[in-house]
Visitor: 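One structure follows; several queries about it will come next.
Model, not experiment: these values are computed from the prediction. Quick note: numbers below take in every heavy atom, side chains included, and nothing from hydrogens, waters or symmetry partners. Per chain, numbering begins at 1; letters A, B, ... match sequence-line order.
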2 protein chains.
Amino acid sequence: MQLTVFPAPTSPTANLDHGHDHGGCRTKALQTAEQLCNNRGVRLTPMRRQVLELIWESHRAIKAYDLLDRIKPTTGTAKPATVYRALDFLLEQGLIHKVESLNAFIGCSFSDHQHQQLLLTCIRCLEVEERPAAGVMEAIDRELEQAAFIIHHKAIEIHGICIRCAKHPPITATI
Amino acid sequence: MQLTVFPAPTSPTANLDHGHDHGGCRTKALQTAEQLCNNRGVRLTPMRRQVLELIWESHRAIKAYDLLDRIKPTTGTAKPATVYRALDFLLEQGLIHKVESLNAFIGCSFSDHQHQQLLLTCIRCLEVEERPAAGVMEAIDRELEQAAFIIHHKAIEIHGICIRCAKHPPITATI
DNA sequence: TGCCGATATGTTATATAGTAGCATATCTGC
DNA sequence: GCAGATATGCTACTATATAACATATCGGCA
């Protein structure tokens with residue numbers, strides 16, 4: 001029998017995402033969020049901020065109920081609505097994306113300028129990469145013009161193997 | 001107060017999808033499905049066929065539990081697993097698509113050749129149009145080559161207003 | 001500064017979506 | 001017509017998401 005073992009995803013709290021210093025990502029994202037909310041006159045409350053922080057703990061998409069579990073120790077009382085309301089706010093402000101095909105959420109790396117990127121989810125390490133992909137967006141605009149379809153929202157989600165995982169093939173053992 | 005009233009979606013059983021004779025679509029889709037399954041040596045059982053027929057009753061995406069409600073009168077006993085198993089089979093065979101952003105399913109119009117199309121969902125009439133969109137697919141392939149991302153599956157979902165609904169503006173009343 | 005309306009969160013309950021695991025039935029090849 | 005494979009029945013459960021109303025907090029203004 002052949003067993004294919006993928007490396008387990010790193011723990012949600014470890015800054016191990018493929019070796020980059022993720023603390024920098026998170027700090028920058030939170031600063032940008034504060035600024036954006038200030039400029040817009042909307043409130044990044046402690047609850048909303050905490051959810052955003054948790055989402056930014058890694059580049060893996062996180063599920064609403066996992067966020068809930070992480071919040072409970074702090075609040076003691078958090079319920080689904082608490083999390084979903086924070087998520088709704090963050091989505092409205094373009095600070096996070098929902099990965100529809102995973103029912104999960106990731107921080108938006110381009111919250112201060114571009115939205116509606118390609119979302120590349122690695123089925124091995126579960127990290128999601130966001131790519132503005134101008135060429136793809138233009139091709140879609142052309143296609144929709146032909147179809148005379150007036151766009152409101154795009155979700156472009158690709159699942160596959162990222163370059164880092166492709167370079168570190170899974171351990172294969174015969175038992 | 002301004003009230004914007006969109007025309008209600010036509011009933012699931014009516015062949016009224018924007019005026020085209022939908023019976024033809026359905027019949028053709030079912031014939032293609034029978035052929036494909038025969039060629040592949042897989043079984044389009046009565047249950048699976050019924051689910052496919054129900055999905056093809058319109059061009060609107062249908063939810064698993066709505067399918068379940070439609071099946072119950074016939075079988076008396078259908079449970080979620082019954083429907084989900086049929087859906088899994090139809091997805092595997094490429095006879096239907098899941099619209100991830102709706103948690104709903106539509107028949108595939110290109111089951112005998114192309115897969116992984118653009119799915120255009122009209123937020124007014126709720127119909128889903130499938131478009132192969134070669135230009136978009138090429139642009140995505142180029143982008144993924146740059147990212148060195150090995151693709152397994154695409155979900156490209158656009159929400160907006162279709163050409164037919166754009167031509168029939170909603171009734172607007174002041175109350 | 002303390003009151004008011006607006007915004008945000010707490011709380012309970014429920015709706016919607018999907019899966020696990022084992023029993024039973026049906027099909028297909030021999 | 002029997003055996004193994006495939007499909008469905010069935011029970012229970014897990015996961016995802018929202019509704020509706022109560023309470024708390026914020027921020028402007030009398």
Side-chain angles (χ1 to χ4, degrees), chain A residues 33-34 37-38 40-55 60-93 95-106 126 155 157, chain B residues 12 33-34 37-55 60-93 95-106 126 155 157:
Chain A
E34 302 261 18
C37 290
N38 268 332
R40 293 173 187 168
V42 296
R43 286 155 61 196
L44 187 62
T45 61
M47 184 78 247
R48 291 165 175 176
R49 204 192 139 88
Q50 192 189 353
V51 169
L52 186 59
E53 271 182 39
L54 287 170
I55 289 174
R60 264 163 276 124
I62 185 165
K63 289 172 172 276
Y65 277 73
D66 291 341
L67 285 167
L68 186 54
D69 289 340
R70 306 283 316 279
I71 284 170
K72 273 179 189 158
T74 329
T75 69
T77 62
K79 300 279 180 306
T82 311
V83 167
Y84 280 105
R85 280 192 287 230
L87 289 170
D88 285 345
F89 172 85
L90 297 170
L91 284 168
E92 267 166 30
Q93 298 302 320
L95 298 170
I96 61 172
H97 295 288
K98 178 170 188 185
V99 187
E100 298 285 356
S101 48
L102 297 176
N103 297 321
F105 302 85
I106 54 159
L126 305 183
E157 305 182 358
Chain B
E34 302 261 18
C37 290
N38 267 333
N39 295 346
R40 293 173 186 169
V42 295
R43 286 155 61 195
L44 187 63
T45 61
M47 184 78 247
R48 292 165 174 176
R49 203 191 140 89
Q50 192 190 354
V51 169
L52 186 58
E53 271 181 38
L54 286 170
I55 289 174
R60 264 163 276 125
I62 185 166
K63 288 171 173 278
Y65 278 72
D66 291 340
L67 284 167
L68 186 53
D69 289 341
R70 307 283 316 279
I71 284 171
K72 273 178 188 158
T74 330
T75 67
T77 63
K79 299 280 179 304
T82 311
V83 167
Y84 280 104
R85 280 193 286 230
L87 289 170
D88 285 345
F89 171 85
L90 297 170
L91 284 168
E92 268 166 27
Q93 299 302 321
L95 297 170
I96 62 172
H97 294 288
K98 178 168 187 186
V99 187
E100 298 285 355
S101 47
L102 297 176
N103 295 323
F105 302 84
I106 54 159
L126 305 184
E157 304 183 358

Visitor: I'd like to compare against my own output: the B/S/- annotation of nucleotides 6-20 of chain C with a strict under-4.0 Å heavy-atom distance to protein.
Guide: -SSBBBB----BBB-
Visitor: Please report the distance, rounded to the nearest Å, between CG in A:Asp69 and C1' in D:dT16.
Guide: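 From A:Asp69 CG to D:dT16 C1': 13 Å.
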Visitor: Testing B:Leu90, B:Val99, B:Leu54, B:Leu91 for side chain to side chain contact (heavy atoms under 4.5 Å, CB included) with B:Phe105, which one passes?
Guide: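 Testing each of B:Leu90, B:Val99, B:Leu54, B:Leu91 against B:Phe105, the sole residue satisfying side chain to side chain contact (heavy atoms under 4.5 Å, CB included) is B:Leu91.
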Visitor: Backbone N or O of A:Cys37 within a donor-acceptor pair of the A:Gln93 side chain at under 3.5 Å?
Guide: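 No; zero donor-acceptor contacts below 3.5 Å.
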Visitor: Atom CD in B:Glu100, atom CG in B:Leu102: separation rounded to 0.5 Å?
Guide: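 B:Glu100 atom CD to B:Leu102 atom CG measures 10.0 Å (nearest 0.5 Å).
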Visitor: Measuring from atom OG1 of B:Thr82 to atom NZ of B:Lys72, what distance do you get when rounded to the nearest 0.5 angstrom?
Guide: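 Between atom OG1 of B:Thr82 and atom NZ of B:Lys72 there are 10.0 Å.
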Visitor: Taking atom P of C:dT28 as reference, at what distance in whole Å does atom CG of B:Asn38 sit?
Guide: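 Nearest whole value for this atom pair: 11 Å.
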Visitor: Apply the test side chain to side chain contact (heavy atoms under 4.5 Å, CB included) to residues A:Val83 and A:Ile71: give CA-CA distance (whole Å), side-chain angles for both, the deciding distance (0.1 Å), then the verdict.
Guide: CA-CA 9 Å; A:Val83 167; A:Ile71 284 170; 3.7 Å; yes
